[in-house]
Engineer: 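Quick one: the structure is below, and I'll ask about it shortly.
We name chains A, B, ... by the order of the sequence lines, and we start the count at 1 in each one. When reading the values below, keep in mind they use all heavy atoms of this one structure, side chains included, and skip hydrogens, waters and symmetry mates.
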Amino acid sequence: MNPNDLHGLLPALILAGGAALLLISEVFLTSEAPDRRYQAWLAAAFAAAGLWAALAQLGDPALPLFNGAAVSDGFARVVAAVVCAALLFSCLAAFSYLESLRATRGEFYALALFSASGMCLLAQATDLIVVFLSLEVMSLAVYALCAYLRRGKRPAEAAFKYFILGSFASAVFLYGAALAFGATGSTRLADVANAVHLIAANRAPAGTGTLLFASAALLASGFAFKVAAVPFHMWVPDVYDGAPAPVTGFMAAGVKAAAFAVLVRILVTGFGDAAVATGAHGWSSVVVAMAYLTMLTGNLLAVPQRSVKRMLAYSSIAHAGYLLVAVAAMGTAAPRADATEGLLFYLASYAATIVGAFGVVAIIERKLALSGLGDDLSSWAGLSEKHPALAAAMSLFMVSLAGVPPTAGFMAKLTVFRSAIEADLVPLAVFGVITSVAGLYYYLRVVVYVYMYPEAKPGAVEGGRLLSAGLAIAGCALIVVWMGVQPGVFAAVTQAAASSFGH
Amino acid sequence: MSWLGAHLLSAVIFLPVAGAVLVALLPRGEGAQHKGITVATSLLAFLASIPLWTGFHPAGKWAFEQKSEWAPALGFSYHVGLDGVALLLFLLTTFLGPIVALSSWNYPQKRIKEYCLSLLLLETAMLGTLAALDLVLFYVFWEAMLIPMYLLIGLWGSERRIYAAVKFFLFTFIGSVLMLLAIFWLWSNSGPAGHRTFDYVELLAQGALPADRQKWLFLAFALAFAIKVPVWPLHTWLPDAHTEAPAAGSIILAGVMLKMGTFGFIRYAMPLFPHAALEYAPAMGTLGVIGIVYGSLMCMAQSDLKRLIAYSSVAHLGFVMLGLSALTAEAASGAVLQMVNHGISTGALFLMVGYLYERTHTRDIAAYGGLARVAPAIAATFLVVTLSSIGLPGTNGFVGEFLILAGTFASKELRGAAWLSIIAATGVVLGAVYMLWLYQRVFFGPERKAASHGVADLSVREWFTVAPLLLAIVWIGFQPQPLLDAVRRPVGEFVQRVSRPDAVRRTSGVPSPPAIDAAPAPAPPPGVPRLIAPPRAPAEPPVEPR
């Protein structure tokens, strides 16, 4: 083994090491009711270290690892940075949440770190077996995190549903990998790409084409489930609703980023040949159809939701649709760099926004859990009177999700839809922005409740542990505004990462 | 000083943001200080914008231009500058800023801090929209206007404020998202990858796109602007927004924001897509005339003070749309002047109505009557504003409407121009009818409910807000020439570009030099009344469409 291989895996290694350390530290807790507050800070420190490692490697040239089973390139590093930042802020938000519910246990932060290391590995994998292993590292930890607050029906239902359907999706993916192996005799994406080139040039053995295309469909379906694309989205509302809010935020940001990264990696690196991607029978047209469905379903079903968590779940489906627009643009004849840049920028912007939004939701949810109120929009009424900062932050996140300037969401929308126009996907782009108007409606409704309705049931959010959640929310809000006002810094990074991707 | 000279425009644009930061830092509950900072900052912005007027050379291209990097990786820059048209609206905005801030001194009963923040951020967004010369920068400011306005209506409005605020936001947002896609399309066709631009000046210099491509792009831009104007039949958000908004919101909405729509037509939609603009000019003119007549008739049927003035805005902006579609220098400069006039007179009307509402807490016209006896100063100022809104000679309204009607009547580019201007002229009569009738019902006759307990006359603070508007009404009424001089060049270029679109046809991907610079407008011969813009310079021979 080459030491460079380990250096390339540094973010994932740091996270996994942190998780192991947290688990070991449990052994040394002796008192009856041990104080586990240190765990949150330790986890946050490791997340920050992972973020630092990913950022420090940003400028390095792309580096194949373990004989081509994985790669450390700009694309993977940006995704790793997004995952680590999401983890960092989620840990801070989770600290307040768990402490005030007196639910801090040893496993929580370790599981979060394990899942994050799986996400980083997913973004780096260029071998279908490595993809599967990283996928399971990520997924199993996330299933457990969903069920973390195990009292009550909803967390159990959420985790169970996620587990069953997620295992099913993993199986579908594995079957696709088996077919790819059958067709090419290898699970390396590079070998798959060679076989695809041969097929495109009509020099492949008979039957290989059919096998490979079936495998592409199965592989993509497996990850369409993880990114919550329609028609693989059924699990999203229940799981997002049932999981603890900080976990949901981390899941929405991290799982989505990692799953999109690997989806794009498989489609572009493995099946990126122009003859396979473009045209009426290419995967691009399938992705276009899926993007239409996803944007429509997500946005329409979010409109009637009265629970903010469920609304954000459907909105997460809608955002998967916008991201699919960028994926579709990658499959066309237009240069891929702009679409890749759009995808990365969108993932970063969405992560900052959704982690912040779920940070606020966590505070409100905790208040609801303590006071026995239902999870309804009406419990958000008049938030601005007692908590102007929380209200302003939540409104900022909503406006950013709606894609109104000057926020990160607008710049993300700009990069993605611009690449769609460039790729000549004009009807798709028009459809996308029109569905985003429906999006504006349900996001604004939260702002209406927060600012314009008087407080229904007086009762402030109490507790002295809001500091770390406040830090997380403020950090996310800062990034959202920064990306909206000075997108150049972030765009330069994503552009550099995108320019080296997919060759 | 030279640094300030180079950055003066940006300094004025972002001065209100500096004020907003100050307001945000002060603790809640310091209402008077928040309001004081707001008034002071907007007044400072107005004073700082005066050098923009005195230092403006009407013959120059983009005054106070500043271009610096913003996000090179995304392909857009921070590029601002003013031409005569933008300058007038820019000054109108800074002029109305302190008036709005001072007029609402006693209005907000709650959340004073947020109110002041909204006012200040809104001012920056409006100024930026007018000064932007980069399409993304323009779009960012354009949409950023929505949020503070949405809050102004939704937080401090009257009973149905939430409905009105959401309707306002959704309507304007629907229009602008398609414009965003059109902007992207322009970008992706502005050159080979790596050399694309969002810069308005460069895009304009590249010449017009192929005529068959312009149609959808023009419609996408036009929809965004037409909703904002608002052009009939897209106006339905306006009466609700105006009626429910607080007085300050109404003044800004009528005074500046509606003009963003017509400004968008004259700056972006029509010059960028001249072939399509020429093709759709009759439709624009017709919709404008429908707006004039429909708005005027609706005014007569209103029983709500603010709703009536809102519909009168539909009528007045119909005049502007007609003037833009006529494609003559007279009509177009009249349209620009009318934008300024409408901002001043309708802004003043909403201001006065706001003062009445603060005293009587009703907008129902039937509850008024006999106010002239109890509050003579209000009655007198309201009369001047009413006459200005009608367009009486000697007030600002007359010059604009006259130029639009005369210019449209003489237009050769617009089919049916004579008929359109004749029908539009009935709007002038109808305008006199509904405004004078309104004045009669509110101020004359027996003292009704609203006046029965006595209505306090204008206070000193209120005089400070009303007096500048009255001065502006009379000053522009007698001295419109400086304003017309300022807009002559941009208006001349606009008319020439749109009425002779083939002269700016793009030639096979190579950016052609701007044809409009090739023919500088000659100085008007002495003796010719300068109200009429100089005859159109001979354009390059039109190329026959292939």
Side-chain angles (χ1 to χ4, degrees), chain A residues 334-335 337-338 341-342 345 384-385 388 391-392 395-396 399 402-407 410-411 413-415 417-424 426 429-430 432-441 444-445 447-449 451-453 483-496 498, chain B residues 24 28 69-78 110-111 113-114 117 121 125 128 136-137 139-147 150-151 153-157 161-163 165-166 169-189 193-194 196 198 216 220:
Chain A
D338 279 343
E341 180 189 354
F345 196 94
S384 62
E385 284 164 27
S395 307
L396 176 74
V399 165
V404 178
T407 57
F410 168 71
M411 291 299 168
K413 198 164 85 175
L414 181 146
T415 54
F417 284 110
R418 190 173 71 166
S419 69
I421 294 282
E422 202 182 1
D424 229 13
V426 176
V430 169
V433 294
I434 288 179
T435 53
S436 82
V437 176
L440 180 73
Y441 173 75
L444 277 189
R445 195 167 48 191
V447 181
V448 164
Y449 270 91
Y451 271 105
M452 296 171 194
Y453 281 125
M483 285 182 90
V485 176
Q486 282 293 346
V489 191
F490 297 87
V493 171
T494 54
Q495 193 181 39
Chain B
R28 195 165 297 275
E69 279 199 344
W70 179 18
L74 290 173
F76 42 83
S77 60
Y78 176 80
K110 49 169 191 175
R111 303 177 200 260
K113 185 171 174 177
E114 283 92 340
L117 283 175
L121 295 178
V136 171
L137 185 66
Y139 190 85
V140 165
F141 279 128
W142 166 271
E143 292 241 299
M145 282 192 299
L146 297 182
I147 302 168
Y150 163 77
L151 291 177
I153 300 174
L155 271 173
W156 297 278
R161 61 184 188 274
I162 295 173
Y163 168 77
V166 173
F169 207 140
L170 283 179
F171 258 72
T172 7
F173 195 70
I174 288 180
S176 22
V177 288
L178 292 176
M179 175 167 77
L180 184 66
L181 291 185
I183 291 176
F184 295 159
W185 202 93
L186 274 178
W187 171 82
S188 72
N189 283 275
R196 293 175 180 160
F198 281 116
W216 290 107

Engineer: Any side-chain heavy atom of B:Lys113 within less than 4.5 Å of one from A:Pro388?
Structural biologist: no
Engineer: Can you name the nearest heavy-atom pair linking A:Pro406 to B:Ala144, along with the distance?
Structural biologist: CD-CB, 4.2 Å
Engineer: Among B:Trp142, B:Phe169, B:Tyr139, B:Trp185, single out the residue with the greatest number of heavy-atom pairs under 4.5 Å to chain A.
Structural biologist: B:Phe169
Engineer: How long is the straight-line distance from OH of A:Tyr451 back to CD1 of B:Ile162, given to the nearest 0.5 Å?
Structural biologist: 14.0 Å
Engineer: So which part of A:Ala402 gets closer than 4.5 Å to some heavy atom of chain B, the side chain, the backbone, both or neither?
Structural biologist: backbone
Engineer: So does A:Val485 get a backbone contact from the side chain of B:Trp70, meaning a donor-acceptor N/O pair under 3.5 Å?
Structural biologist: yes
Engineer: Answer with side chain, backbone, both or neither: which region of B:Ile183 has an atom nearer than 4.5 Å to a non-hydrogen atom of chain A?
Structural biologist: neither
Engineer: Please tell me if the side chains of B:Phe76 and A:Leu414 come closer than 4.5 Å, counting only heavy atoms from C-beta onward.
Structural biologist: yes
Engineer: Supply the atom-to-atom distance A:Ser384 OG to B:Glu114 CD, rounded to the nearest 0.5 angstrom.
Structural biologist: 7.0 Å
Engineer: Of the backbone (N, CA, C, O) and the side chain (C-beta and beyond), which part of A:Phe490 lies under 4.5 Å from a heavy atom of chain B, both, or neither?
Structural biologist: neither
Engineer: Measuring heavy-atom distances to chain A, does B:Tyr78 have an atom under 4.5 Å in its side chain, in its backbone, in both, or in neither?
Structural biologist: neither
Engineer: Would you name the heavy atoms of A:Gly488 and B:Ala73 that are closest together and state the gap between them?
Structural biologist: O-CB, 4.3 Å
Engineer: For the candidates A:Val447, A:Leu444, A:Val430, A:Val493, which exhibits the highest count of non-hydrogen atom pairs separated by less than 4.5 Å from chain B?
Structural biologist: A:Leu444
Engineer: Step by step, work out the side chain to side chain contact (heavy atoms under 4.5 Å, CB included) result for A:Met411 and B:Val140.
Structural biologist: CA-CA 9 Å; A:Met411 291 299 168; B:Val140 165; 4.1 Å; yes
Engineer: Measure the CD-CZ distance between A:Glu422 and B:Phe184 for me, rounded to the nearest 0.5 Å.
Structural biologist: 11.0 Å
Engineer: Side chain, backbone, both or neither: which part of A:Ser436 has a heavy atom under 4.5 Å from chain B?
Structural biologist: both
Engineer: Counting only N and O atoms by type, is there a donor-acceptor contact under 3.5 Å from the side chain of A:Arg418 to the main-chain atoms of B:Leu74?
Structural biologist: yes
Engineer: Going from CE on A:Met452 to OH on B:Tyr150, what distance comes out if it is rounded to the nearest 0.5 angstrom?
Structural biologist: 4.0 Å
Engineer: Taking side chain as everything from C-beta outward and backbone as N, CA, C, O, which of these in A:Tyr441 sits under 4.5 Å from a heavy atom of chain B? Side chain, backbone, both or neither.
Structural biologist: both
Engineer: Does the side chain of A:Val404 come within less than 4.5 Å of B:Phe173's, by heavy atoms?
Structural biologist: yes
Engineer: Check step by step if side chain to side chain contact (heavy atoms under 4.5 Å, CB included) holds for B:Leu181 and A:Ile421.
Structural biologist: CA-CA 7 Å; B:Leu181 291 185; A:Ile421 294 282; 4.1 Å; yes
Engineer: Rounded to the nearest 0.5 Å, what separates atom CG in B:Leu146 from atom CG in A:Leu440?
Structural biologist: 8.5 Å
